[in-house]
There are 2 protein chains.
Amino acid sequence: MNTQAENLPHNNSDLIGMLQRHQIMPTSQRIHIAQVLFEKTQHLSAEQVLDEVTSRGYSISRATVYNTLGLFANKGLVSTVNLDPDRVLYDSNTRPHFHFHNQDTGELIDIDMGNIEIKSIPALPDNTTLDNIDITLQLRQCSNDSE
Amino acid sequence: MNTQAENLPHNNSDLIGMLQRHQIMPTSQRIHIAQVLFEKTQHLSAEQVLDEVTSRGYSISRATVYNTLGLFANKGLVSTVNLDPDRVLYDSNTRPHFHFHNQDTGELIDIDMGNIEIKSIPALPDNTTLDNIDITLQLRQCSNDSE
DNA sequence: CTGCTTGCAAAGGCTTTGCAGAACA
DNA sequence: TGTTCTGCAAAGCCTTTGCAAGCAG
């Protein structure tokens with residue numbers, strides 16, 4: 001059902017290998033954070049990661065969580081989602097994809113890249129290269145059960 | 001040259017009319033802010049608006065700027081841009097458009113809607129309607145003068 | 001006179017930073 | 001032994017809020 005999870009690490013040595021391939025020393029704190037993040041494709045805030053790691057019985061400081069998530073994002077392990085100005089989300093789906101964003105509930109849903117096709121792209125400004133395309137389909141809640 | 005400016009208000013009574021059409025009482029503070037915003041299509045932070053209004057010789061409080069920009073966004077006069085997690089930008093371009101975002105310089109450039117074509121859109125989640133499509137072409141700086 | 005608006009200052013929430021101690025190669 | 005990492009607490013920054021004074025209809 002969840003076709004987007006196929007390239008997630010399945011066990012601890014997968015996880016450690018993933019960190020190492022990205023030039024990240026696999027300390028115990030980083031592994032705990034990675035375990036939470038890559039359990040499934042999801043979008044978590046730093047605070048949510050802190051809470052989850054803590055609730056699993058591991059002690060970790062807030063600063064380490066923030067620093068580690070910043071490091072993971074820098075190394076390309078996760079991407080950041082800036083939809084809510086009040087908090088950054090870290091996205092464990094490393095495959096190209098887009099988002100549905102329900103503005104009324106805050107819910108964020110991945111859209112597989114194959115489901116949106118872009119016909120044409122304008123010329124880029126001078127001295128720039130295209131790094132990534134972010135697409136967000138902003139939704140509103142409605143109660144049309146039938147439609 | 002600037003084809004996106006054609007629907008900007010040209011004078012003070014245009015501006016006041018625009019506020020009134022959006023159910024906003026045209027107080028002097030709101031007019032000063034609107035004058036700055038709608039002088040051209042641009043992306044300004046609350047602090048930039050405050051500085052600009054102040055530098056034009058009008059006294060206005062920070063709280064009023066934040067509240068007014070929030071009000072304008074709520075009433076659909078401007079849209080918000082959440083690309084930089086550290087500050088919200090207010091976009092005075094009210095026509096449908098997308099953005100180039102130079103991640104190295106922070107520069108933000110409008111893309112006219114006609115320049116990107118989307119072939120297909122996936123089915124929406126239940127009980128939702130499509131409100132808006134945000135597209136950002138994330139760029140990196142490079143020095144290929146010839147390419 | 002009544003309700004909306006403004007402004008000041010304080011509070012709030014997320015994130016970063018400085019620095020000392022711990023861990024690791 | 002020297003570099004890297006961690007954690008605590010404090011600071012920083014953007015933004016919101018409470019409340020009193022001002023203004024408008």
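So that the names make sense, note that chain A is the first sequence line, chain B the second, and so on, each numbered from 1.
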Under 3.5 Å, is there a donor-acceptor pair between the side chain of [X] and the main chain of [Y]?
X: B:N115; Y: B:I111; answer: no
X: A:T54; Y: A:L50; answer: yes
X: A:T68; Y: A:R30; answer: no

Check whether any side-chain heavy atom of [X] sits under 4.5 Å from a side-chain heavy atom of [Y], and report yes or no.
X: A:V88; Y: A:V81; answer: no
X: B:D110; Y: B:F98; answer: no
X: A:L137; Y: A:H99; answer: no

Interatomic distance, [X] [atom1] vs [N] [atom2] [rounded to whole Å]:
X: A:N82; N: C:dC14; atom1: CG; atom2: P; result: 15 Å
X: A:L50; N: D:dG7; atom1: CG; atom2: P; result: 10 Å
X: A:D84; N: C:dT15; atom1: CG; atom2: C1'; result: 14 Å
X: A:L89; N: C:dT15; atom1: CG; atom2: C1'; result: 14 Å
X: A:I33; N: D:dT6; atom1: CD1; atom2: C1'; result: 11 Å
X: B:L69; N: C:dT6; atom1: CG; atom2: C1'; result: 15 Å
X: A:Y58; N: D:dC5; atom1: OH; atom2: P; result: 21 Å
X: B:D86; N: C:dT15; atom1: CG; atom2: P; result: 9 Å

Does [N] have OP1 or OP2 under 4.0 Å away from a side-chain N or O of [X]?
X: B:Q29; N: D:dC23; result: no
X: A:T27; N: D:dT6; result: yes
X: A:R30; N: D:dC5; result: yes

For the side chain of [X], counting heavy atoms from C-beta on, which of [options] is nearest?
X: A:R87; options: C:dT6, C:dC14, C:dT5; result: C:dC14
X: B:N67; options: D:dT4, D:dT17, D:dT16; result: D:dT17
X: B:V88; options: C:dT15, D:dT15, D:dT4; result: D:dT15

>> Judged by each residue's nearest nucleotide on DNA chain D, which is more toward the 5′ side, B:Y66 or A:T68?
In response: A:T68
Would you tabulate the pairs of protein nitrogen or oxygen atoms and nucleotide nitrogen or oxygen atoms of nucleotides 8-10 of chain C closer than 3.5 angstrom?
none

> Using a heavy-atom distance cut-off of less than 4.0 Å, which residues of residues 11-24 of chain B contact DNA chain C?
Replying inline: none
> Applying the side-chain contact (heavy atoms from CB on, under 4.5 Å) test to B:F38, which of B:L77, B:N93, B:D14 qualifies?
Replying inline: B:L77
>> Looking only at side-chain N and O atoms, does A:N12 offer a donor or acceptor that is under 3.5 Å from a partner on A:Q35?
In response: yes
> Does any donor atom in the side chain of A:N102 or A:Q141 lie under 3.5 Å from an acceptor atom in the other side chain?
Replying inline: yes
>> Run the side chain to side chain contact (heavy atoms under 4.5 Å, CB included) test on B:V49 and B:Y90 for me, step by step, so that the C-alpha distance in whole Å, both residues' side-chain angles and the decisive distance to 0.1 Å come before the verdict.
In response: CA-CA 9 Å; B:V49 171; B:Y90 294 88; 5.9 Å; no
